[in-house]
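Here the structure comes first, spelled out in structure tokens, and everything after it is commentary.
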Amino acid sequence: MLVVKVLGAAAGGGFPQWNANSAACRRARSGDPAAPVATQASIAVSVDERHWYLTNASPDLRQQIEADRALHPAEGLRSSPIAGVILTNGDVDAIAGLLHLREGTAFSLYANTAVMSILDANPIFNVLAPEFVPRRLLREDEWQPVRDAGGGESGLSVKSFRVPGKVPLYLEEADDIATAAEDGNTLGLEFRADGCGFFYVANCAAITAALAERITGCDLLFFDGTLFSDDEMIRQNAGSKTGRRMGHMSLSGECGSMAQLAPLDIKRTIFIHINNTNPILLSDSPKRREVEEAGFEVAYDGMEIRL
Ligand code: MLT
Ligand code: MN
């Protein structure tokens, strides 16, 4: 069996975002059940429900751990069911949570060379001492067994692959950065265990023919749900960037993810990494209805899937 838990459904900043005073964020703050609070995107995967492997370490990880008993320490005075972390990119919302995992409990850390070089170059990540937290290369386009810090098998295998995306915001230098480059700054992941599997492709700027072919017919896909409309942040006075500029494809429109994914015969597609401006976070919004009527699902914190 493969168990997947959504620890966080929101994009960078979460929902509500600390400095956002939009109607939607106010609804979330007031406890409106149709505007459920969402932490920053991450999932946990397990075969035995005792050892969990995280995809990305969100800045909200401490809160995410406390929210789910499965992630609480269960053995001795110091331990954690978190056996490893697999990174898909070097954005703040994907790596900052690693800092919560200091304190000397062992887990394995997987990243490709692009993301590993970000960690290696920043001494703050040395709080994860190598004797407890071995850094392992996440190989691209190759199945690899996911192991804990001591090399113990998890029963889980992962294959990473490049998807269109961009460098983390804090590494942007030129104005003309490639926002849909397949340069290793953004990875998709495919997980397999016991004959079942699924894909995690958050942070994706475009569905290329190769990506479409890869995910066609799959049982479960988590896909980037940052924005509903490419210009929604501008229209809501929430920022000056389009989704495209941020390296994300939006849900709506002819070139949007819903239209591109619809013909791919995927059993379940769940949008994750959803920005606080995206109306699909509101369960009573017309856009949410549109997404669900088209056969797609919207991730929420605490969502659990058994394959
Ligand atoms: C993104 O997904 O575009 C990033 O999380 C943005 C950010 O780092 O704030
Ligand atoms: Mn992000």
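Counting starts at 1 for both ligands and their atoms, following the listed order.
The Mn ion (ligand 2) is closest to atom OD2 of D93 (considering only N, O or S atoms).
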* Please walk me through it: do L138 and Q144 pass side-chain contact (heavy atoms from CB on, under 4.5 Å)? -> CA-CA 8 Å; L138 182 58; Q144 101 186 72; 3.9 Å; yes

* Worked verdict on L99 versus V127 for side-chain contact (heavy atoms from CB on, under 4.5 Å) -> CA-CA 7 Å; L99 303 178; V127 295; 3.8 Å; yes

* To do: Quick one: do D301 and T39 satisfy side-chain hydrogen bond (donor to acceptor under 3.5 Å, both in side chains)? Show the steps, please.
  => CA-CA 7 Å; D301 289 27; T39 60; 2.7 Å; yes

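Following chains of ILVMFWY side-chain contacts shorter than 4.5 Å, one can reach F223 starting from V291, so the two form part of one hydrophobic cluster.
Put simply, D91 stays out of reach of the Mn ion (ligand 2), with no N, O or S atom under 2.8 Å from it.
The residue from D60, D93, N56 that alone fulfils the side-chain hydrogen bond (donor to acceptor under 3.5 Å, both in side chains) condition with Q40 is D60.
Within 4.0 Å of ligand 1, contacts by protein heavy atoms are made from D91, D93, L169, N203, M246, H248, H273.
Considering only residues two or more places apart in sequence or on other chains, F125 meets the ring-ring contact (aromatic ring centres under 6.0 Å, His included) condition with none of them.
Ring to ring, F271 and F296 are close: their centroids are under 6.0 angstrom apart.
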